[in-house]
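Remarks on the structure that follows.
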Amino acid sequence: MDGGNCSAVSEFLLLGLTNSWEIQILLFLFFTVFYVASMLGNLLIVLTIISDHHLHSPMYFLLANLSFIDTGVSSIATPKMIFDLFRKRKVISMKGCITQMFFIHTVGGTEMVLLIVMAYDRYVAICKPLHYLSIMSLRMCIFLLAIAWTTGLIHSVAQLAFVVNLPFCGTNRMDSFYCDFPRFIKLACTDTYRLEFLVTANSGFISMGTFFILIASYVFILVTVHKRSSGDLSKALSTLSAHVTVVVFFFGPCIIVYVWPFPTLPIDKFLAIFDALITPFMNPVIYTFRNKMKVAMRRLFVKVLTSFRKSALMHSSRNSD
Ligand SMILES: *[C@@H]1O[C@H](CO)[C@@H](O)[C@H](O)[C@H]1NC(C)=O
């Protein structure tokens, strides 16, 4: 396409997080533990909610969907990052790079909308309790989830459309451990000022906007509850505090990554670890502290143990025949 003296870049060199061997071993342990824990935790949440009919309510279905998305979030960049820690040349192909960006933004955008849906669910449950089950019907849940995935997809494709055809010919060293728009665009050999602005607008302002919508909706719920009776307030607070924690952990790093105005201070590189690894890990931690969830997990554990014992008994009695 862009011929001439331009030798096309077909892969990127990821600079990773550090060059120190000792720190890399520490990071390896740290990342592996967090990754495995968040995969197991989130899968356990999905399994518990699906298998336990006490938890068949819109709130828990949405939570299961959030956990499912979180397994995706943590699997996009982390396994490669862990694998790359011990490689001298950490490379990613152009296709791999674009694939990573596509999934990061599809899944990330979906998670943002899902968090709004979860806030709406809490609003209906707390402010319109008598109509809760008729408003948040299964059909409504599925409809809202479909909107979440569609929005994520559109958000992702809308950004990719602007960058897939960028010419790359200069340096291919990317100071990061994964591919994302801000650093990807900077490597293109054209004037990228307007593109950078576009990405900041799309990703940065969407995450900031969503964040403020969420915080405003939580404040609105609390004010409504407070007007009605102050006794309900503490209950609402305990439900919402879990949500607010998730939201702050998810959006804080995200906003900084896209709107960070100081390119010489690579804080965003380290903050990206939060969204890639720590936030997906936080959800299980935050939600398993909730009482109903703990009880359900215990039930599931007992169920699995009993069936395991039964099959072991059957097996041994068959063997002794
Ligand atoms: C997501 O939510 C839908 C509808 O509420 C539910 O039927 C489905 O089981 C959930 N999916 C997961 C993976 O938990």
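Just so we're clear, the structure is a prediction, and the values are computed from it rather than from any experiment. Numbering of ligands and ligand atoms starts at 1, following listing order.
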Under the disulfide (SG to SG under 2.5 Å) definition, can you give me all pairs with a residue in [range], not counting sequence neighbours?
{"range": "residues 21-95", "answer": "none"}
{"range": "residues 13-89", "answer": "none"}
{"range": "residues 60-112", "answer": "C97-C179"}

Item to check | F184 ring center within less than 6.0 Å of F168 ring center | outcome: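 Between F184 and F168, which both carry aromatic rings, the centre distance is below 6.0 Å.
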
Checklist entry - Of the non-hydrogen atoms in D84 and K90, which two are nearest, and what is the gap between them? => result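 What the structure gives for the nearest pair is O-NZ, 3.0 Å.
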
Item to check | Exceeds 12 heavy-atom contacts within 6.0 angstrom, atom CZ of F86 | outcome: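 Yes, enclosed.
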
Show me the short polar-atom pairs for ligand 1: any N or O of it lying under 3.5 Å from a protein N or O, with distances only.
| residue | atom | partner | partner atom | Å |
| --- | --- | --- | --- | --- |
| ligand 1 | 2 (O) | N65 | ND2 | 2.3 |
| ligand 1 | 11 (N) | N65 | OD1 | 3.4 |
| ligand 1 | 11 (N) | N65 | ND2 | 3.3 |

